[in-house]
There are 2 protein chains.
Amino acid sequence: MTGPRAAILEILQAQAHPLTNAEIHRLLPAGGVNLATVYRAMALLEKLGMVKQFDFGDGAARYELVREGDDGHHHHLVCTRCAAIVELEECFPVEIQARIAARHQFQAVTHRLEFFGICPACQGAGTGMGGGQ
Amino acid sequence: MTGPRAAILEILQAQAHPLTNAEIHRLLPAGGVNLATVYRAMALLEKLGMVKQFDFGDGAARYELVREGDDGHHHHLVCTRCAAIVELEECFPVEIQARIAARHQFQAVTHRLEFFGICPACQGAGTGMGGGQ
DNA sequence: GTTCTTGCAAAGTTTTTGCAGATTG
DNA sequence: CAATCTGCAAAAACTTTGCAAGAAC
């Protein structure tokens, strides 16, 4: 547990939302840490449960620090226009998930869930082209 | 609407579960269609609403045919050991999603949701070592 | 000094793009 | 014939890996 790892954890601690490896790399002191090292660090940190991986459907993994006394399981609302992120407290109802698991006899069932929509700031701004409004 | 496109739709029609572009390519008549053409066809078919994209968290997009009178929105239960897939009828409760959208003033909110677990056949077969059935 | 980690560069996957030739209507 | 589509090859984006030099204890 040393060097670049600490720097990465510091970056994550200062962030409210998940970051891609490229973003983490960009935020690290210039020329400080190699991108491959970031990938390796995140894989390790995730295995240790210190970090949680999220997937917003663009082809890049995102990581968020898991805070003390929390398992890190939660979901996000992502703006499909500006990529704004809102962290949510709602989760998929446990009873329904239990029913699904039981009916199909699956064990250790979990889920991945993210919401997408258009945030207030991006509404009424046309489809992205015209200077609409 | 012609050639390779028809062949791809036929492949999808015969499948109960989503396929990756590579799988579709593999299922097409040998040497028949180029992989890049599959990618382009799937992008078009999705834009036309004839196909729906899913993401199981491995880095590959999957596509499933949208049947008549259906919007194609549904979720899956995926075995993390053997990749078996079960199609689900359950969905995230609309009232809760509406509440989330309202509270954060997002419009056109949708969600991506997939479940993961260990299927009956893979249970009790060790952590992946034994000659599982 | 032994072990684990890092940087660098090369390679692997998945997906996208340019362009000329073939296909469609 | 005009418009679109396909194959091929190159490239892009994200991620993984090998290996020798470096850091940690």
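The basis for the numbers below is simple: all heavy atoms, side chains too, and nothing from hydrogens, waters or symmetry mates. Within every chain, numbering begins at 1; the chains are lettered A, B, ... in the order of the sequence lines, protein sequences first and strands thereafter. Note that the structure is a prediction, hence the values are computed from the model and not measured.
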Solution key, residues 33-43 of chain A side-chain donor-acceptor pairs under 3.5 Å, sequence neighbours excluded:
none

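Every residue two or more places apart in sequence or in another chain was checked for a side-chain hydrogen bond (donor to acceptor under 3.5 Å, both in side chains) with B:Arg99, and none qualifies. Here A:His73 pairs with A:His75, A:His111 under the ring pair (Phe, Tyr, Trp, His ring centres under 6.0 Å) rule; sequence neighbours left out. With sequence neighbours left out, the ring pair (Phe, Tyr, Trp, His ring centres under 6.0 Å) criterion links A:Phe56 to A:His76. For the ring pair (Phe, Tyr, Trp, His ring centres under 6.0 Å) test, no residue two or more places apart in sequence or in another chain qualifies with B:Phe116.
Apart from B:Ile100 itself, the hydrophobic cluster it occupies contains A:Leu77, A:Val86, A:Leu88, A:Phe92, A:Ile96, A:Ile100, A:Phe106, A:Val109, A:Leu113, A:Phe115, B:Leu77, B:Val86, B:Leu88, B:Phe92, B:Ile96, B:Phe106, B:Val109, B:Leu113, B:Phe115, where clustering links Ile, Leu, Val, Met, Phe, Trp and Tyr at side-chain heavy-atom distances under 4.5 Å.
Atom pair B:Gln53:CD and C:dT14:P shows a separation of 14 Å (rounding to whole Å applied). Look at NE2 on B:His25: it is 12 Å from C1' on D:dT6, rounded to the nearest Å. The CD atom of B:Glu46 sits 15 Å away from the C1' atom of C:dT16 (whole-angstrom rounding). In this entry the distance linking CG of B:Leu45 with P of D:dC5 reads 11 Å, nearest Å. Spacing between atom CZ of B:Phe56 and atom C1' of C:dT13 amounts to 19 Å, rounded to whole angstrom units. Atom P of nucleotide C:dT23 and atom CZ of B:Arg5 are separated by 15 Å, given to the nearest angstrom. Computed from coordinates, the B:Met42 CE to D:dC5 P distance equals 15 Å when rounded to whole Å. Between B:Asp55 atom CG and C:dT14 atom C1' there is a gap of 12 Å when expressed in whole angstrom units.
In this structure, B:Glu90 pairs ionically with A:Arg103, as a charged nitrogen and a carboxylate oxygen lie closer than 4.0 Å.
Within the structure, salt bridge (charged side-chain N to carboxylate O under 4.0 Å, His left out) contacts touching residues 7-31 of chain A (residues at least two apart or in different chains) do not occur.
Under the 4.5 Å side-chain criterion, counting only non-hydrogen atoms from C-beta, A:Val66 is not in contact with A:Met50.
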note = Nucleotide by nucleotide, nucleotides 9-25 of chain D touches protein heavy atoms under 4.0 Å in the pattern (B base, S sugar-phosphate only, - none) B----SBBBB-----S-
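If one axis is set at each end of the helix from C:dG1-D:dC25 to C:dG25-D:dC1 from five pairs, those axes are 30° apart, to 10°.
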